[in-house]
Amino acid sequence: MMHKSNREESYKLSPQLKFYDSMKASWKTYSMFGHFANLRSEYCNTDIDGLRFNSFKSNFKSIFDQNHSKNCAVITGNSTAFGEGVSKDEKTMSNILSNKTDLFFYNLCGRGLNGFQEIIYFIQNLNKLKNLKKIFVITSINDALLPEYENVKNQQYSPIYGQNFFEKTMSSSLISWKFKILKFFLNPFLKKNNWHQLNKLNWKKELFKKSTEYDLDMSPNDVIENTIRNNINIWNYLSKGMNLEIKIFLQPICLWSNKPLTTEEITIISEEKKNLKIKKIFDIANQEKYRLVKKYFKNECEKNEIYFEDLNEIMNLENNKNLWLFNGNFHLSDLGTSITTNQILKNY
């Protein structure tokens with residue numbers, strides 16, 4: 001997630017949250033956005049491509065400089081798996097898994113990514129992954145909420161964050177100055193959304209034609225189901241084609257767990273809600289959406305014979321109810337990350 005809010009009490013409890021809130025998107029080829037390269041702080045460090053180190057050393061230029069001897073594995077996902085919320089690189093899932101297994105886990109996660117962008121991150125780095133053995137996909141929340149949050153019409157797959165802004169900006173840049181003048185005077189009456197398609201050869205046809213006859217007519221939930229099906233199929237083809245073990249995990253979300261909140265969690269989440277954009281996300285990503293998304297993931301993983309686990313269930317255990325596990329509704333504390341990663345290791 002990539003939204004700022006004024007939350008001074010949260011920063012007192014977890015100073016690293018102020019750093020994560022300050023991180024902005026860096027535009028990238030194909031994946032649309034990522035992290036800025038060569039970020040340096042006590043909380044988070046990125047390499048020349050904006051990927052997060054497990055543990056930064058001054059002689060490292062790339063995360064692929066970290067591993068010199070082990071076979072490797074990959075974690076893909078969004079901000080939760082990236083480690084937004086943890087106090088330092090060493091507390092990330094990828095680093096814990098690297099220290100506790102015989103594989104080195106690369107963190108190929110990105111803040112705000114949807115499921116297909118996660119796949120792109122993996123594909124873009126394939127040539128750098130030597131002796132790759134496993135893929136762990138820790139995902140779900142962005143595909144669960146983006147179709148409704150961005151409200152993009154006539155699209156069969158989950159949009160990206162900022163897609164409405166992107167489409168508006170790109171469409172505007174494609175309109176010549178002559179048609180911009182025409183739009184200014186005529187659009188209040190015609191109310192057309194295809195001005196960017198006009199050129200000197202087709203302008204009469206485009207300007208006066210009726211609205212598109214064939215719409216996809218898909219609900220946000222239809223888009224979510226279609227997106228999950230497509231993404232899991234892609235992961236299945238990749239894992240079988242490369243002879244790799246793949247496991248898919250539903251990421252832990254405070255909204256989706258039934259864990260009683262600690263004082264710290266209440267403070268942080270209450271301040272998050274003051275941001276209207278984040279509150280909108282809370283309203284979309286409710287328990288009903290959780291049950292629906294879990295069903296889609298479980299069904300598609302069963303069809304493809306892929307291991308699936310819901311990491312929200314570990315949060316609901318009796319011995320976790322009084323623990324500070326979440327640094328916001330969508331991100332984990334150091335302890336929450338440790339407990340989640342240890343659960344992943346149980347079926348390693």
Side-chain angles (χ1 to χ4, degrees), residues 1-7 9-10 14 17 20-21 25 33 77-82 84-85 110-118 138-168 216-228 250-297 310-313 315-316 325-333 336:
M1 317 301 291
M2 297 187 297
H3 295 297
K4 293 182 181 180
S5 62
N6 296 319
R7 39 186 188 149
E9 293 303 315
S10 300
S14 290
L17 295 181
Y20 291 117
D21 282 352
F33 53 79
N78 52 54
S79 55
T80 302
F82 169 79
E84 180 165 349
R111 302 167 74 236
L113 299 187
N114 66 26
F116 190 67
Q117 288 172 304
E118 295 164 7
I138 304 170
T139 190
S140 71
I141 184 61
N142 292 325
D143 285 328
L145 63 89
L146 279 168
E148 195 170 340
Y149 182 79
E150 288 291 334
N151 194 27
V152 176
K153 304 297 184 183
N154 211 32
Q155 182 167 309
Q156 60 181 321
Y157 299 112
S158 177
I160 64 167
Y161 274 111
Q163 179 150 334
N164 281 302
F165 176 76
F166 173 77
E167 289 185 355
K168 182 179 179 181
L216 290 173
D217 193 28
M218 295 178 71
S219 70
N221 287 344
D222 292 334
V223 174
I224 293 169
E225 183 177 17
N226 199 46
T227 297
I228 292 171
L250 207 65
Q251 68 192 96
I253 303 293
C254 191
L255 282 167
W256 290 357
S257 74
N258 295 315
K259 175 190 174 302
L261 299 183
T262 64
T263 301
E264 296 87 355
E265 289 167 335
I266 290 171
T267 298
I268 294 171
I269 291 170
S270 296
E271 289 195 328
E272 279 185 329
K273 287 182 180 178
K274 294 177 183 178
N275 184 306
L276 294 180
K277 290 183 178 179
I278 296 180
K279 186 178 183 303
K280 181 181 178 181
I281 292 173
F282 289 1
D283 294 339
I284 297 171
N286 52 32
Q287 280 282 327
E288 181 181 354
K289 189 74 71 178
Y290 162 55
R291 290 189 290 271
L292 190 71
V293 168
K294 180 175 180 177
K295 181 181 75 172
Y296 292 157
F297 268 98
D310 177 10
L311 293 174
N312 289 281
E313 294 177 359
M315 301 302 182
N316 299 329
L325 303 182
F326 291 98
N327 253 338
N329 250 316
F330 305 102
H331 304 124
L332 298 169
S333 65

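The structure displayed is predicted, hence computed values, not measured ones.
Between the E272 side chain and the N329 main chain, a donor and an acceptor come within less than 3.5 Å of each other. No donor-acceptor pair closer than 3.5 Å links the side chain of E148 to the backbone N or O of L145. Although no hydrogens or angles enter the test, the distance criterion places no donor-acceptor pair under 3.5 Å between the side chain of R7 and the main chain of L17. Checked by atom type and distance alone, the side chain of S79 never pairs as donor or acceptor with a backbone atom of F82 at under 3.5 Å. Here the side chain of S257 pairs a donor or acceptor atom with the backbone of C254 at under 3.5 angstrom. A donor-acceptor pair is defined here as one N or O able to donate and one able to accept, closer than 3.5 Å; no such pair exists between the side chain of E225 and the backbone of D222.
More than 12 non-hydrogen atoms from other residues, nucleotides or ligands lie less than 6.0 angstrom from NZ of K280. No more than 12 heavy atoms of other residues, nucleotides or ligands sit less than 6.0 Å from atom CZ of F116.
Atom CG in L325 sits 7.5 Å away from atom OG1 in T262 (nearest 0.5 Å). Between N275 atom CG and K277 atom NZ the span is 7.5 Å, to the nearest 0.5 Å. Considering CG of N286 and CD1 of I253, their distance stands at 12.5 Å, rounded to 0.5 Å. In this structure, E150 CD and N114 CG are separated by 10.5 Å, a value rounded to the nearest 0.5 Å. Between E9 atom CD and I266 atom CD1 the span is 14.0 Å, to the nearest 0.5 Å. F282 CZ to F330 CZ: the interatomic distance, rounded to the nearest 0.5 Å, is 5.0 Å.
The two atoms that bring L113 and N78 nearest to each other are O-CB, 3.7 Å, heavy atoms only. Closest heavy-atom contact between N312 and P252: OD1-CA, 3.4 Å. Residues F33 and A25 share a closest heavy-atom pair of CB-CB, 3.9 Å. Closest approach of I284 to A144, counting heavy atoms only: CG2-O, 4.5 Å. In this structure, G85 and N327 approach most closely via the heavy-atom pair O-ND2, 2.8 Å. The heavy-atom pair separating Y20 from R111 by the smallest distance is O-NH2, 2.9 Å.
In this structure, the salt bridge (charged side-chain N to carboxylate O under 4.0 Å, His left out) partners of E265, at least two apart in sequence or on a different chain, are K259.
Inter-residue side-chain proximity for F297 and T139 is flagged as met; some heavy-atom pair is nearer than 4.5 Å. Proximity of Q156 to M218: side-chain heavy atoms (C-beta onward) are separated by under 4.5 Å at one or more points. At a threshold of 4.5 Å between non-hydrogen side-chain atoms, the residues I141 and W256 count as touching. Looking only at side-chain heavy atoms (C-beta outward), L332 and M315 come within less than 4.5 Å of each other. The shortest side-chain heavy-atom distance between K289 and I224 falls under the 4.5 Å cut-off. Residues I160 and Q163 meet the side-chain proximity criterion, which asks for heavy atoms closer than 4.5 Å.
Results of the side-chain hydrogen bond (donor to acceptor under 3.5 Å, both in side chains) test with S158 over N226, T227, D143 single out D143 as the only residue that passes.
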Note to self: Using the rule given for side chain to side chain donor-acceptor pair (under 3.5 Å), can you reason through S10 versus E271, listing the C-alpha separation, both sets of side-chain angles and the distance that settles it, and then say yes or no?
What the structure shows: CA-CA 7 Å; S10 300; E271 289 195 328; 2.7 Å; yes
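Each salt bridge (charged side-chain N to carboxylate O under 4.0 Å, His left out) pair with one or both residues in residues 152-161, not counting sequence neighbours, would appear here, but there are none.
Not less than 6.0 angstrom separates the ring centroid of F166 from the ring centroid of Y161.
For Q251 and T80, the side-chain atoms include at least one donor-acceptor pair closer than 3.5 Å.
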